[in-house]
Amino acid sequence: QVQLVESGGGLVQAGGSLRLSCAASGRTDRWYTMGWFRQAPGKEREFVAGISWRGGTMVYTDSVKGRFTISRDNAKNTVDLQMNSLKPEDTAVYYCAGVYKLVVPRSPQLYDDWGQGTQVTVSS
């Protein structure tokens with residue numbers, strides 16, 4: 001069982017930046033892929049970014065490419081999401097997720113472990 005705890009959310013103006021962090025505790029062996037999802041009110045949870053165990057594969061949804069960067073530090077069991085040039089449509093609760101897979105899944109149904117979420121609000 002892996003526990004995931006997100007931090008770093010908040011309120012920011014459009015064009016600003018935020019950095020989210022997710023700390024994993026418990027057993028995270030090799031091939032533990034991690035990802036970030038978000039869910040806005042009235043919408044389904046959507047994939048934002050994911051990163052493979054060694055960090056060699058990073059996947060982004062089209063709407064955040066060039067603005068968001070995912071990274072991980074396996075020594076610290078953390079995965080971060082640097083969000084730049086934020087837009088009001090990025091407003092959502094952001095969730096960290098993890099699963100033992102060689103690939104980086106985009107579907108939330110394929111992830112086993114979830115954090116509680118952190119709110120990101122971007123004002124116009």
Side-chain angles (χ1 to χ4, degrees):
Q1 186 73 30
V2 178
Q3 294 78 43
L4 302 174
V5 178
E6 305 95 338
S7 62
L11 172 64
V12 64
Q13 289 187 331
S17 298
L18 280 175
R19 187 177 185 90
L20 304 183
S21 186
C22 174
S25 60
R27 184 177 179 180
T28 53
D29 293 334
R30 295 174 63 186
W31 315 128
Y32 192 69
T33 290
M34 298 187 76
W36 285 96
F37 290 77
R38 65 188 180 187
Q39 189 166 16
K43 295 187 177 181
E44 294 185 350
R45 191 168 297 189
E46 66 169 348
F47 175 82
V48 175
I51 187 167
S52 60
W53 165 252
R54 293 183 176 179
T57 299
M58 291 171 282
V59 182
Y60 299 92
T61 193
D62 287 346
S63 62
V64 307
K65 285 180 180 177
R67 300 189 298 124
F68 291 11
T69 302
I70 189 170
S71 61
R72 68 188 294 168
D73 184 336
N74 288 339
K76 297 180 180 179
N77 278 348
T78 58
V79 61
D80 291 348
L81 186 68
Q82 177 66 42
M83 306 186 295
N84 299 328
S85 303
L86 283 161
K87 304 175 181 180
E89 51 264 43
D90 294 318
T91 295
V93 177
Y94 282 70
Y95 297 90
C96 176
V99 66
Y100 283 99
K101 279 192 182 297
L102 294 177
V103 296
V104 180
R106 291 177 178 263
S107 171
Q109 285 75 23
L110 296 178
Y111 284 80
D112 293 327
D113 306 311
W114 291 88
Q116 293 290 92
T118 185
Q119 177 70 45
V120 171
T121 303
V122 184
S123 63
S124 57

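Just so you know, these numbers use all the heavy atoms, side chains as well, and skip hydrogens, waters and symmetry mates.
- Considering NZ of Lys101 and CG of Asp112, their distance stands at 8.0 Å, rounded to 0.5 Å.
- Side-chain contact of Gln82 with Asn84: a donor-acceptor pair under 3.5 Å is present, judged by distance alone.
- Closest approach of Gly98 and Leu4 over heavy atoms only: N-CD1, 3.8 Å.
- In this structure, Gln13 CD and Leu11 CG are separated by 8.0 Å, a value rounded to the nearest 0.5 Å.
- Side-chain contact between Thr91 and Gln119 is present, with at least one heavy-atom pair separated by less than 4.5 Å.
- By the rule that hydrophobic residues join a cluster once side-chain heavy atoms approach within less than 4.5 Å of another member, Val64 and Trp36 end up as members of one cluster.
- For the atom pair CG of Asp80 and CZ of Arg72, the computed distance is 11.0 Å after rounding to the nearest 0.5 Å.
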### Message
I'd like to know whether Phe68 forms a side chain to side chain contact (heavy atoms under 4.5 Å, CB included) with Leu86, so could you lay out the CA-CA distance, the side-chain angles of the two residues, the decisive distance to 0.1 Å, and finally the verdict.
### Response
CA-CA 9 Å; Phe68 291 11; Leu86 283 161; 3.8 Å; yes
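- Side-chain atoms of Tyr111 do not come within 3.5 Å of backbone N or O of Thr33 as any donor-acceptor pair.
- Leu20 and Val122 fall within a single hydrophobic cluster, where Ile, Leu, Val, Met, Phe, Trp and Tyr side chains are chained together by heavy-atom contacts under 4.5 Å.
- When atom types are taken as modelled, the side chain of Thr57 and the backbone of Ser52 share no donor-acceptor pair closer than 3.5 angstrom.
- The pair Asp90-Lys87 fails the salt-bridge criterion, with no side-chain N (NZ, NE, NH1 or NH2) lying under 4.0 Å from an Asp/Glu carboxylate O.
- Of the possible polar contacts, one joining the Tyr60 side chain to the Ile70 backbone as a donor-acceptor pair under 3.5 Å is found.
- Residue pairs meeting the ring-ring contact (aromatic ring centres under 6.0 Å, His included) criterion with at least one partner in residues 82-110, sequence neighbours excluded, are Tyr32-Tyr100.
- Of all heavy-atom pairs spanning Val79 and Cys96, the tightest one is CG1-SG, 3.9 Å.
- At distances below 3.5 Å, at least one donor-acceptor pair connects side-chain atoms of Glu6 with backbone N or O atoms of Gln116.
- The same ILVMFWY cluster, assembled from side-chain heavy atoms under 4.5 Å apart, contains both Trp31 and Val2.
- Across every non-hydrogen atom of Ala92 and Arg38, the tightest pair is CB-CB, 3.8 Å.
- We find the OG-CD distance between Ser25 and Gln1 to be 9.5 Å, quoted to the nearest 0.5 Å.
- Taking both residues in full, the closest heavy atoms of Pro105 and Val103 are given as CD-O, 3.3 Å, listed atom of the first, atom of the second, then distance.
- Evaluated for a side-chain contact (heavy atoms from CB on, under 4.5 Å) with Val104, the options Ile51, Val59, Leu110 yield exactly one hit, Val59.
- Nearest heavy-atom pair, Ser85 versus Ser17, reported as atom, atom and distance to 0.1 Å: N-OG, 4.3 Å.
- Closest non-hydrogen pair, Ala23 versus Thr78, comes out as CA-CG2, 4.3 Å.
- At a threshold of 4.5 Å between non-hydrogen side-chain atoms, the residues Trp53 and Leu102 do not count as touching.
- No side-chain heavy atom of Val12 sits less than 4.5 Å from a side-chain heavy atom of Met83.
- Distance check: Leu18 CG to Thr118 OG1 gives 9.0 Å after rounding to the nearest 0.5 Å.
- Residues Val93 and Phe47 fall within the same hydrophobic cluster, defined by Ile, Leu, Val, Met, Phe, Trp and Tyr side chains chained together at heavy-atom separations under 4.5 Å.
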